[in-house]
Peer 1: 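Mind having a look at this structure? Questions to follow.
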Amino acid sequence: MSIVIEHLNYIYMSGGPYETHALHDVSLTIEDGEFVGLIGHTGSGKSTLVQHLNGLIMPASGRVLVDGMDLSDKQTDRRAIRQKVGLVFQYPENQLFEETVEKDIAFGPKNLGLNEAEIDRRVRDAMRRVALDYDALHDRSVFELSGGQMRRVAIAGVLAMEPRVLVLDEPCAGLDPRGREEILGLIRDLHREAGTTVVMVSHSMDDVASLAERVIVMNHGEVVMDGTPRDVFACGEELRGMGLDVPQAAQLAQKLRERGFGIPQGIYRIEEIRAEIARIAAQGGRHA
Amino acid sequence: MLKDITLGQYFPGHSPIHRMDPRMKLILTIAYIVGVFMVSNLPGYALALAFLYLVVRLSGIRFAYLLKGVKPLRFIILFTFVLNLLFTEGETVLFSLGFFTLTAEALESATFFALRLVFLVMGTSVLTLTTSPVQLTDGLERLMRPLQRFHFPAHELAMMMTIALRFIPTLLEETDKIQKAQMARGADFESGNLLARAKAMIPLLVPLFVSAFRRANDLAMAMEARCYRGGDHRTRLRELRYTRLDAIGALATAAFIAVVVLEGRLLG
């Protein structure tokens with residue numbers, strides 16, 4: 001199931017004094033099973049773009065096709081689209097409202113009109129995927145949980161819709177390092193085990209580097225780069241010019257190169273730079 | 001939907017009307033409304049319209065924009081008009097159908113009531129469009145200050161208004177975000193009967209209240225951290241001062257009221 005975006009434009013507060021052109025002629029295709037990292041500084045149009053993917057906002061011009069269905073078409077069933085494309089907003093724990101964890105996660109499946117047994121199965125399954133213990137937590141109040149647990153409940157609420165595509169807007173924002181690791185781990189597992197297509201919006205180049213197979217860079221409402229992490233993170237100057245940066249491993253590789261160490265180009269992962277440093281250390285330090 | 005709310009909207013500018021003292025603007029708005037309510041014939045309303053038009057022209061706001069502000073109230077105005085039409089007693093019968101009789105007096109009184117409402121809304125709109133919320137509450141606080149002698153919490157009231165106004169856009173944005181998040185989980189806010197729609201609001205209202213209380217708590221803490229302890233001994237960054245503009249405005253409004261009263265006497 002692919003998502004095709006054709007010449008998408010979006011304008012906020014059209015016609016008013018505060019009109020802003022948020023998206024400018026964006027065209028891209030997200031294939032089934034991909035893991036896409038979407039990066040760009042604040043106000044680059046990332047969040048606006050992801051809200052188009054399940055029809056929460058409608059294009060000013062251009063088309064978005066999910067599984068061949070045009071989202072602007074009045075005939076298209078919005079709820080079916082929102083079931084296929086799950087969207088986890090920034091700080092999703094702010095949307096929790098039910099009395100218990102179980103009821104909150106069941107909100108989405110209930111809206112889909114599923115029967116009790118199926119809802120129960122999905123709640124248990126979603127909780128397992130986000131590593132929350134069903135027996136211990138299902139009847140607890142969502143407001144008694146820790147920040148990281150609340151975030152996972154909110155993600156489970158979207159996973160319970162069993163979407164084919166999962167879109168996450170800054171899923172790790174405001175979490176401590178351990179919470180961040182846990183969230184990234186569950187996204188990785190979801191992609192690898194369930195084969196879910198993932199689009200992850202992030203400010204953290206390291207998060208994107210550790211997970212994404214494809215990186216899309218946005219600037220001023222336009223897609224400016226689109227390629228493998230290796231190709232995109234090789235353009236350090238351009239990224240810095242847009243208020244972004246490269247992953248720490250790539251920064252370290254660059255610094256070592258400047259000091260005269262023979263580190264090959266295109267390194268952006270922690271494991272790669274670790275291997276390179278080990279290789280150089282084994283050779284006995286600085287080479288000619 | 002939420003973006004269409006223009007209540008209390010402020011149009012930044014540097015016109016003479018913008019530069020007037022908020023206290024004077026508040027007083028003159030009230031005076032103008034009192035003046036409009038003293039009008040008792042059509043030429044008087046023409047005068048009130050001319051005066052309002054002059055003020056709006058001076059402020060640099062498009063008159064059409066002001067009329068747009070009346071639009072949401074059209075049903076209330078229509079309702080008042082119809083009620084007055086039906087229940088005003090009169091002798092000069094214009095039209096009669098069964099138990100319903102339309103009299104000239106009823107038509108006159110209904111028209112005047114509707115016009116008064118329109119002028120009330122437009123007059124206060126000029127005030128809110130040309131005065132920033134901060135200035136407005138500042139002006140209110142100063143006007144209410146004499147009442148503090150009778151333990152009237154003027155400063156607290158003004159501070160509450162300032163905070164409420166400050167958070168309207170924030171909470172609107174928050175509402176929009178939560179609504180979208182629930183829609184992403186298949187929630188439906190647009191269809192169903194009244195009960196279904198009211199129930200659909202729960203997933204929206206609970207998170208909104210939670211976040212509003214959290215914000216209130218944070219704000220209270222931040223204010224205390226900056227040693228806020230109410231209005232006593234507080235000095236201000238911008239002292240309010242009456243200028244020549246205010247004198248001109250006061251004279252013009254006084255002249256308007258005088259003409260309205262005289263004209264009412266002359267024409268009956």
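Hydrogens, waters and symmetry mates are skipped; everything else that's a heavy atom, side chains included, is used. Chain A is the first sequence line, chain B the second, and so forth, proteins listed ahead of strands; every chain is numbered from 1. Note that the coordinates shown come from a computational prediction; the quantities given were computed from them, not determined experimentally.
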Peer 1: Tell me, side chain or backbone of A/Asn54 under 4.5 Å from chain B's heavy atoms, or both, or neither?
Peer 2: side chain

Peer 1: Locate the shortest heavy-atom distance separating B/Pro207 from A/Phe97; write the atom from each residue and the value.
Peer 2: CD-CB, 3.7 Å

Peer 1: Is any side-chain N of the basic residue among B/Arg185 and A/Asp104 closer than 4.0 Å to the acidic one's carboxylate O?
Peer 2: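 Judged by the 4.0 Å cut-off on N to carboxylate O distance, B/Arg185 and A/Asp104 do form a salt bridge.
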
Peer 1: In terms of heavy-atom contacts, does CD of B/Glu156 have more than 12 from other residues, nucleotides or ligands at under 6.0 Å?
Peer 2: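 Yes, CD of B/Glu156 has more than 12 neighbouring heavy atoms, counting only those of other groups under 6.0 Å.
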
Peer 1: Are there more than 12 heavy atoms of other residues, nucleotides or ligands under 6.0 Å from atom CZ of B/Phe209?
Peer 2: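 No, CZ of B/Phe209 has 12 or fewer neighbouring heavy atoms, counting only those of other groups under 6.0 Å.
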
Peer 1: Taking atom CD of A/Glu116 as the centre, report whether more than 12 heavy atoms of other residues, nucleotides or ligands fall under 6.0 Å from it.
Peer 2: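 Not buried by this count: 12 neighbours or fewer within 6.0 Å.
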
Peer 1: If you tally heavy-atom pairs under 4.5 Å against chain A, which of B/Leu205, B/Asp188, B/Ile178 wins?
Peer 2: B/Asp188

Peer 1: In this structure, are over 12 heavy atoms from other groups packed under 6.0 Å from B/Tyr53 atom OH?
Peer 2: no

Peer 1: Can you confirm whether more than 12 heavy atoms, excluding those of A/Arg128, are under 6.0 Å from its CZ atom?
Peer 2: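 It does: A/Arg128 CZ has more than 12 such atoms within range.
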
Peer 1: So which atom in B/Ala187 and which in A/Asn111 form the shortest heavy-atom distance, rounded to 0.1 Å?
Peer 2: N-ND2, 3.4 Å

Peer 1: Taking atom CZ of A/Phe107 and atom CD1 of B/Ile202, what is their separation to the nearest 0.5 Å?
Peer 2: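 A/Phe107 atom CZ to B/Ile202 atom CD1 measures 9.5 Å (nearest 0.5 Å).
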
Peer 1: Measure the shortest side-chain to side-chain distance between A/Ile57 and B/Lys180 over non-hydrogen atoms and say whether it is less than 4.5 angstrom.
Peer 2: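 Yes; the side chains approach each other to less than 4.5 Å.
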
Peer 1: Working to the nearest 0.5 angstrom, can you tell me the gap between B/Leu204 CG and A/Gln95 CD?
Peer 2: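 Going from CG on B/Leu204 over to CD on A/Gln95, the span is 11.5 Å.
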
Peer 1: Walk me through it: do A/Glu93 and B/Val210 pass the test side-chain contact (heavy atoms from CB on, under 4.5 Å)?
Peer 2: CA-CA 11 Å; A/Glu93 58 273 23; B/Val210 170; over 6 Å; no

Peer 1: Does B/Arg226, at its CZ atom, have more than 12 non-hydrogen atoms belonging to other residues, nucleotides or ligands within less than 6.0 Å?
Peer 2: no

Peer 1: If you measure from OH on A/Tyr91 to NZ on B/Lys177, what distance do you get to the nearest 0.5 Å?
Peer 2: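 The OH atom of A/Tyr91 sits 8.5 Å away from the NZ atom of B/Lys177.
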
Peer 1: Report which part of A/Gln51 has an atom under 4.5 Å of a heavy atom belonging to chain B: side chain, backbone, both, or neither.
Peer 2: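 Just its side chain gets close to chain B.
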
Peer 1: Taking atom CZ of B/Arg19 as the centre, report whether more than 12 heavy atoms of other residues, nucleotides or ligands fall under 6.0 Å from it.
Peer 2: yes

Peer 1: Could you tell me whether A/Phe143 atom CZ has more than 12 heavy atoms of other residues or ligands within 6.0 Å of it?
Peer 2: yes

Peer 1: If I measure from the heavy atoms of chain B, does A/Leu87 come under 4.5 Å with its side chain, its backbone, both, or neither?
Peer 2: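 For A/Leu87, heavy atoms of backbone and side chain both lie under 4.5 Å from chain B.
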
